[in-house]
Amino acid sequence: AQSVTQPDIHITVSEGASLELRCNYSYGATPYLFWYVQSPGQGLQLLLKYFSGDTLVQGIKGFEAEFKRSQSSFNLRKPSVHWSDAAEYFCAVGAGNNDMRFGAGTRLTVKP
Amino acid sequence: DAGVTQSPTHLIKTRGQQVTLRCSPKSGHDTVSWYQQALGQGPQFIFQYYEEEERQRGNFPDRFSGHQFPNYSSELNVNALLLGDSALYLCASSLAGGEKLFFGSGTQLSVL
């Protein structure tokens, strides 16, 4: 069965510092992997996705993620965090747009 | 171009009642998926509609049902509400076979 684990419930970083959010997945085949961001009271916005090819994918807002099959991981990174990045981040796995499975999320707080 | 719109934004019901939530997909999209997001959790897949038929379903009881109309809009119905049904209900639209989901801002349902 497919599943996603986000080990960190809450992360606090200083503005300008680098960020890495962890995601581990379980999936029987080659997964489709996604990162979404959710601001309070809002729906989810897609940051980036991985289907195949280059294992380092670039997304919107300066985010990137690296697919590591050997570690079953798809960690999200940003070199310099801005205050506006404070939000909830969700990693998801699925096959296209069917039955996407989300992690429990990581809440990011940005200190001035 | 309007994105995914959901109504109402907030709803309060009592146990045992029935509720209907509505979703209009992004222009040009023909597939609608519904997710339940409990407080502090990631979204959980309820079901997906395409061509007015339920195409796939997650692990939710029959109390959860849906409908898709010829204009691709969709409704989510929940019967015999339980306290545990309190959650944010998210609608997402996409193109059939497409990998990118566009989410609405959700309907916050409170069951008292």
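Proteins get letters first, then strands, A, B, ... in listed order; numbering begins at 1 in each.
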Check: Is B/Phe47 reachable from B/Leu95 through a run of I, L, V, M, F, W or Y residues, each pair having side-chain heavy atoms under 4.5 Å apart?
Finding: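 Hydrophobic grouping puts B/Leu95 apart from B/Phe47.
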Note to self: Using side-chain heavy atoms (C-beta onward) and a distance below 4.5 Å, is B/Tyr35 in contact with A/Met100?
What the structure shows: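 They are in side-chain contact.
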Checklist line | Part of A/Leu44 lying under 4.5 Å from any heavy atom of chain B | finding: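 Answer is both: backbone and side chain atoms of A/Leu44 are under 4.5 Å from chain B.
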Notebook entry, point to check: Strictly under 6.0 Å, is that where the ring centroids of B/Phe45 and A/Phe102 end up?
Noted result: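 So the answer is no for these two rings.
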Notebook entry, point to check: Should we say atom CD1 of A/Ile9 is surrounded by more than 12 heavy atoms from elsewhere, each under 6.0 Å from it?
Noted result: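 No, not enclosed.
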Next item on the list: Following the transitive rule for hydrophobic clusters with a side-chain heavy-atom cut-off under 4.5 Å over Ile, Leu, Val, Met, Phe, Trp and Tyr, establish whether B/Phe64 and B/Tyr50 coincide in one cluster.
Entry: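 The answer is no; the residues belong to distinct hydrophobic clusters.
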Next item on the list: Counting only heavy atoms closer than 4.5 Å, note whether A/Gln45 contacts chain B via side chain, backbone, both or neither.
Entry: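 For A/Gln45, there is no contact with chain B at all, as no heavy atom is under 4.5 Å.
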Item checked: A/Arg77 atom CZ: more than 12 heavy-atom contacts under 6.0 Å ->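 Yes, because the 6.0 Å sphere around CZ of A/Arg77 holds more than 12 heavy atoms from other groups.
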Note to self: With a 6.0 Å cut-off (strictly less than), is the heavy-atom count around CZ of A/Arg107, excluding the residue itself, greater than 12?
What the structure shows: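 No, not enclosed.
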Checklist line | Atom pair CG (B/Leu101) and CZ (A/Phe34), whose distance is rounded to the nearest 0.5 Å | finding: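 Reported to 0.5 Å precision, the distance equals 7.0 Å.
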Check: Given the rule that I, L, V, M, F, W and Y join up when any side-chain heavy atoms are under 4.5 Å apart, are A/Val93 and A/Val57 in one cluster?
Finding: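 Yes, it is one cluster - the side chains of A/Val93 and A/Val57 are joined through contacts under 4.5 Å.
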Checklist line | Cluster check A/Leu108, A/Ile60: I/L/V/M/F/W/Y, side chain < 4.5 angstrom | finding: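 Linked, A/Leu108 and A/Ile60 end up in one cluster.
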Checklist line | Residue among B/Gln44, B/Gln37, B/Gln108 with most heavy-atom pairs under 4.5 Å to chain A | finding: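 Counting heavy-atom pairs under 4.5 Å, the top option is B/Gln37.
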Next item on the list: Write out, in numerical order, the residues from residues 83-91 of chain B with a heavy atom short of 4.5 Å from a heavy atom in chain A.
Entry: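 Within residues 83-91 of chain B, near chain A: B/Leu88, B/Leu90.
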Notebook entry, point to check: Listed by residue number, which members of residues 69-82 of chain B have a heavy atom under 4.5 Å from any heavy atom of chain A?
Noted result: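 Listed by number: none.
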Checklist line | In one Ile/Leu/Val/Met/Phe/Trp/Tyr side-chain cluster, 4.5 Å: A/Tyr89, A/Tyr25 | finding: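 The answer is yes; both residues are in one hydrophobic cluster.
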